[in-house]
Amino acid sequence: MTDSKYFTTTKKGEIFELKAELNSDKKEKKKEAVKKVIASMTVGKDVSALFPDVVNCMQTDNLELKKLVYLYLMNYAKSQPDMAIMAVNTFVKDCEDPNPLIRALAVRTMGCIRVDKITEYLCEPLRKCLKDEDPYVRKTAAVCVAKLHDINAQLVEDQGFLDTLKDLISDSNPMVVANAVAALSEIAESHPSSNLLDLNPQSINKLLTALNECTEWGQIFILDCLANYTPKDDREAQSICERVTPRLSHANSAVVLSAVKVLMKFMEMLSKDLDYYGTLLKKLAPPLVTLLSAEPELQYVALRNINLIVQKRPEILKHEMKVFFVKYNDPIYVKLEKLDIMIRLASQANIAQVLAELKEYATEVDVDFVRKAVRAIGRCAIKVEQSAERCVSTLLDLIQTKVNYVVQEAIVVIKDIFRKYPNKYESVIATLCENLDSLDEPEARAAMIWIVGEYAERIDNADELLESFLEGFHDESTQVQLQLLTAIVKLFLKKPTETQELVQQVLSLATQDSDNPDLRDRGYIYWRLLSTDPVAAKEVVLAEKPLISEETDLIEPTLLDELICYIGTLASVYHKPPSAFVEGGRGVVHKSLPPRTASSESTESPEMAPAGAPPGEQLDVIPTQGDLLGDLLNLDLGPPVSGPPLATSSVQMGAVDLLGGGLDSLMGDEPEGIGAPNFVAPPAATVPANLGAPMGSGLSDLFDLTSGVGTLSGSYVAPKAVWLPAMKAKGLEISGTFTRQVGSISMDLQLTNKALQVMTDFAIQFNRNSFGLAPAAPLQVHAPLSPNQTVEISLPLNTVGSVMKMEPLNNLQVAVKNNIDVFYFSTLYPLHILFVEDGKMGES
Amino acid sequence: MYTKFTLLFPLQKMIHSLFLINCSGDIFLEKHWKSVVSQSVCDYFFEAQEKAVDVENVPPVISTPHHYLISIYRDKLFFVSVIQTEVPPLFVIEFLHRVADTFQDYFGECSEAAIKDNVVIVYELLEEMLDNGFPLATESNILKELIKPPTILRSVVNSITDYEGSSNVGDTLPTGQLSNIPWRRAGVKYTNNEAYFDVVEEIDAIIDKSGSTVFAEIQGVIDACIKLSGMPDLSLSFMNPRLLDDVSFHPCIRFKRWESERVLSFIPPDGNFRLISYRVSSQNLVAIPVYVKHSISFKENSSCGRFDITIGPKQNMGKTIEGITVTVHMPKVVLNMNLTPTQGSYTFDPVTKVLTWDVGKITPQKLPSLKGLVNLQSGAPKPEENPSLNIQFKIQQLAISGLKVNRLDMYGEKYKPFKGVKYVTKAGKFQVRT
């Protein structure tokens with residue numbers, strides 16, 4: 001017979017029966033009863049009512065019975081604190097027991113009882129146990145300090161337990177050291193200001209020594225603790241790295257990943273020219289790859305972390321592409337992660353292999369995986385230019401399979417490929433059009449419509465194709481409706497003679513029959529444009545679009561740096577900073593990678609630019625996942641990449657015209673200057689008298705619209721970008737943009753105080769720059785900026801400052817001072833702010 | 001920053017609770033190291049399980065409004081741990097696997113029945129392995145001294161006579177835990193002193209349609225069974241240690257000796273343990289011992305297809321390849337298969353659509369093949385995907401990487417131990433695409 005007999009107790013009066021047995025005189029009967037109680041506990045039955053009876057069994061010499069009682073106590077002591085006090089005397093007595101096992105058991109259980117009253121009894125025994133001759137007791141006591149700190153932090157400090165705990169870091173037994181570190185880390189985390197783990201070269205040395213000797217779990221605590229240390233220079237960083245590297249060969253994957261975290265972080269401080277830097281890079285690859293041969297759950301966590309690591313330092317795994325190839329029986333969560341990393345590692349050197357694999361995956365069974373594989377092919381095309389043609393032909397092969405979801409996914413990615421390589425692969429359009437009828441997902445329909453509109457002049461039956469979509473216009477999703485509107489307008493501008501009716505139809509569908517404000521507004525904009533100045537309309541709608549960027553889903557660099565500090569944690573699995581999801585967000589300290597500090601004097605120090613990411617790097621990314629909101633809107637998805645693109649200026653012209661003559665014509669004049677022959681202007685324009693009920697609402701919309709557009713009048717304004725993240729400026733976050741309005745240039749700033757103290761005394765200064773840009777007035781922040789407050793300031797600029805050629809030309813280095821410190825950042829300004837509106841260059 | 005909130009709801013560090021769940025979704029054991037967390041937290045897990053369809057596809061990390069659930073799936077059981085704050089997930093997953101290993105070690109199997117039969121020992125073990133959420137004793141050596149594994153004799157005695165002195169709790173402190181070599185207990189004594197090493201290599205490979213190797217690597221381990229008295233200090237050296245450049249070590253190995261001399265020097269744990277695991281990935285070192293000729297086709301607009309595979313030896317270093325099994329997950333539309341093997345036997349499970357062909361040994365004179373007809377669901381479109389073939393095999397007395405043990409020396413003890421090394425190569429995840 002086995003323990004399962006303990007489950008087979010009766011239906012009614014079970015507790016009652018157990019009670020009787022627990023109070024039996026026979027030791028064996030008692031023991032059996034306690035076992036039954038524990039068996040009930042394991043299946044979640046509430047046996048807390050037996051607390052007094054079980055506690056009564058505690059006074060025994062039988063170690064097994066005692067352990068069982070302690071097991072029970074640990075489970076219920078928290079929910080029955082008052083009764084737990086009854087057991088205190090036995091605890092105190094057991095702490096003096098000659099058997100170290102019992103001493104440890106007692107001190108351990110006492111720490112689990114979360115009652116203030118019990119803590120006074122706990123102090124003395126705990127103090128003794130911390131100095132016990134037996135390391136088993138000491139290490140148990142070390143953990144107990146953390147438990148007690150949880151209940152009563154003040155008491156732990158007053159009693160000097162923290163100091164004793166710190167002394168235990170130098171204990172002769174590595175197990176004790178590991179537990180002391182674990183306890184201190186836990187206390188430090190809940191009490192960030194305490195400066196408990198005061199890390200200095202001496203204590204680091206102690207930790208590194210203990211690292212070699214303690215158990216695997218202790219090694220994890222120590223490594224995580226080391227990761228919080230910032231070495232004073234690159235020499236110290238290297239020496240720590242050297243001592244941590246052997247952990248990469250540990251059998252426990254958590255140890256390996258914690259070691260990787262320390263190395264990734266400290267590597268940041270090493271110069272890339274150092275031989276050791278190269279050695280370290282080479283050493284990091286094998287252990288990461290080895291993690292992938294572990295159990296699938298471990299693989300998953302490893303892959304999420306590798307995803308961060310390849311973004312930060314792609315060179316580590318660039319030759320290891322093959323280990324990420326998917327096996328057909330990998331769990332789906334592993335497959336998807338592997339695929340993501342494959343794309344990140346894709347390069348010209350390995351693209352052939354990658355594509356062959358992706359094509360293979362696209363015929364698998366799992367729909368989610370197949371879709372992602374098809375998308376991956378598109379991402380490869382955009383990332384590796386040389387492979388684009390190959391990717392396109394692979395996608396065409398896949399379209400030929402006629403598997404519905406494959407076709408739809410392929411069309412979506414081909415649209416992205418067109419946006420990256422315009423006018424290169426139109427030959428495939430015919431094939432795409434064949435599949436028009438099978439598209440039932442909005443994203444695929446929208447993509448197809450975009451393609452038809454974009455290449456309308458080369459598709460003979462473009463009008464028929466678009467018309468076929470128009471029939472069910474109101475049943476389409478907004479995404480498709482917007483796309484259809486834009487596509488038909490494009491078609492009209494390209495083939496005005498045959499498509500007038502179509503465009504009339506779609507404009508009226510969008511403006512009069514739709515409740516969707518986005519659709520209506522866009523409809524009106526097009527309508528106005530077409531009716532006032534078709535030439536301008538052409539320039540706006542058919543403007544050359546900025547190319548999409550190659551990598552669309554890179555993690556933003558500052559976040560990436562923060563996440564690198566959290567390798568191996570939940571944050572790294574979710575790719576979110578811990579503050580974003582840990583409950584309460586309390587006591588979370590932002591971590592950042594250490595700056596590179598060389599022990600030898602750095603010979604050239606940049607005048608003003610701080611170390612860190614080169615300015616503007618993160619600005620160049622134009623997200624493609626922008627939902628294809630038509631060309632007009634695409635323009636403000638990202639700031640201009642270099643200089644003012646022609647497209648932007650044409651928007652302004654259009655917008656200005658919209659306010660000018662166009663408005664007059666709307667108010668009753670005969671439509672004039674409409675270029676397209678036979679173009680019938682919108683009803684509101686031609687029949688002003690009809691400002692009746694149905695038109696009225698449309699009109700007011702139009703006025704709303706124009707007033708909205710009015711703010712655009714000066715020049716194209718890029719959305720504000722974060723120039724100085726709060727992390728780098730002691731809580732001050734600065735974002736901004738440049739504008740030109742009626743001949744004057746200004747810098748629109750948004751200052752946010754993310755620190756806990758008030759900020760005052762703001763001032764700003766520019767470094768010399770290519771065009772002599774300088775503040776025309778001091779920075780005026782009228783009131784002190786209190787925590788979490790944001791102010792918007794427009795700083796007028798002139799171009800009379802001193803001139804120095806910058807690299808790139810439009811680079812501007814800025815210093816901002818407040819009562820806390822001086823901060824530096826640099827940014828790129830769009831060149832068009834220097835141009836005067838009449839198209840001549842301003843001050844040279 | 002220290003708020004009242006903290007005092008009321010203490011920071012719950014590390015592993016908070018553990019639930020064991022069987023395949024039919026019953027929670028059959030729960031253990032709480034801190035306060036009791038209601039079983040209802042597992043509802044989030046069940047939800048994810050439902051979404052995943054296959055048990056293998058349940059994501060290992062699930063977030064719920066107040067907790068995170070980190071789980072592993074082992075031996076048809078889910079080990080679901082509940083955590084409340086930022087904890088390294090690998091730490092938790094490693095620990096859960098260690099718990100499963102310990103059950104396996106104690107009860108001979110890690111199953112619901114075994115756990116239920118030994119529920120008290122299980123509870124004692126869990127309590128001993130984790131204190132306040134920190135792993136405490138996870139080495140099987142130490143645990144076995146603290147909590148004795150059940151023996152047939154002891155459970156018989158226990159149940160028949162309720163013999164007073166029988167106890168499964170050790171009443172002395174484990175000796176190893178206090179020393180700098182926590183993996184070994186003191187005072188080990190054997191009449192026959194033996195040390196055995198098994199070099200086991202598994203080939204992971206993906207072979208594409210045309211038979212060329214897309215990916216191949218060797219996952220090797222050296223498992224040891226050491227029954228030596230006292231405190232033996234061993235040195236194991238290899239003929240070709242250069243093969244081992246990506247290695248994970250048991251904590252007992254002195255890393256410095258390996259770095260400088262390429263010798264494995266260690267005081268071993270008592271009994272069975274994994275000494276090292278290693279990976280050989282350089283393509284020219286990974287031999288592929290078998291090839292598969294295959295032709296699987298489905299006719300358009302017809303409810304049948306043809307299936308024909310043949311297996312032959314390739315780079316087998318002159319050894320016999322045995323224990324061959326071929327497993328194929330056929331497409332969903334396959335109703336049945338009507339095949340003839342030239343050797344061995346096959347089964348097809350029409351529910352899971354898994355074809356298993358137990359081939360046995362390859363004799364080069366007559367290559368084993370399996371051919372015949374595939375019946376498809378009538379009217380269904382022909383399957384788009386081609387199934388992959390999963391191959392298992394075994395080659396005795398060969399480490400396919402060529403790794404060879406040179407010698408084993410023992411210091412610190414006077415007796416002469418018996419020493420033995422065995423080599424075997426197996427297929428790991430060995431897949432042939434068709």
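Every chain is numbered from 1 and lettered A, B, ... according to where its sequence line falls, protein lines coming before strand lines.
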### Task
Answer with side chain, backbone, both or neither: which region of Val247(B) has an atom nearer than 4.5 Å to a non-hydrogen atom of chain A?
backbone
### Message
To the closest 0.5 Å, what do you measure between CD (Glu259(B)) and OG (Ser249(A))?
### Response
7.0 Å
## Note on the structure
Applying salt bridge (charged side-chain N to carboxylate O under 4.0 Å, His left out) to Asp366(A) and not counting sequence neighbours gives none
### Message
Counting C-beta onward and ignoring hydrogens, is there a side-chain heavy-atom pair between Glu297(A) and Ser71(B) closer than 4.5 Å?
### Response
no
### Query
Is there side-chain contact between Leu570(A) and Pro89(B), with at least one heavy-atom pair below 4.5 Å?
yes
### Message
Heavy-atom pairs under 4.5 Å with chain B - which of Gln353(A), Glu357(A), Gln219(A), Glu364(A) has more of them than the others?
### Response
Glu357(A)
### Task
Assign the ring pair Phe91(B) / Phe221(A) to parallel, tilted or perpendicular, where the plane angle (0 to 90°) is split at 30° and 60°.
tilted
### Message
Assess whether a salt bridge exists between Glu64(A) and Lys148(B), defined as any Lys/Arg side-chain N lying under 4.0 Å from an Asp/Glu carboxylate O.
### Response
no
### Query
Between Pro246(A), Pro331(A), Ala146(A), Ala251(A), which has the largest tally of heavy atom pairs under 4.5 Å with chain B?
Pro246(A)
### Message
So for Gln219(B), is it side chain, backbone, both, or neither that comes closer than 4.5 Å to the heavy atoms of chain A?
### Response
side chain
### Portion of Phe95(B) that has a non-hydrogen atom of chain A nearer than 4.5 angstrom
both
### Task
Ignoring hydrogens and angles, state whether a donor on the side chain of Asp246(B) or Thr290(A) is under 3.5 Å from an acceptor on the partner side chain.
yes
### Task
For the residue pair Val43(A) and Ile27(B), establish whether any side-chain heavy-atom pair is separated by less than 4.5 Å.
no
### Query
Do we see a donor-acceptor contact under 3.5 Å between the side chains of Glu56(B) and Asn329(A)?
no
### Query
Taking only residues two or more places apart in sequence or in another chain, which ones pass salt bridge (charged side-chain N to carboxylate O under 4.0 Å, His left out) with Arg98(B)?
Glu216(A), Glu94(B)
### Query
Tell me, do Tyr123(B) and Met41(A) make a side-chain contact under 4.5 Å, heavy atoms counted?
yes
### Task
Would you name the heavy atoms of Leu130(B) and Arg108(A) that are closest together and state the gap between them?
O-NH2, 3.6 Å
### Task
Tell me, out of Asn252(A), Leu65(A), Val365(A), who's got the most heavy-atom pairs with chain B below 4.5 Å.
Asn252(A)
### Side-chain heavy-atom pair Tyr574(A), Ser63(B) within 4.5 angstrom cut-off
yes
### Message
What I'd like to find out is whether the side chain of Tyr328(A) reaches to under 4.5 Å of the side chain of Asn390(B), using heavy atoms alone.
### Response
yes
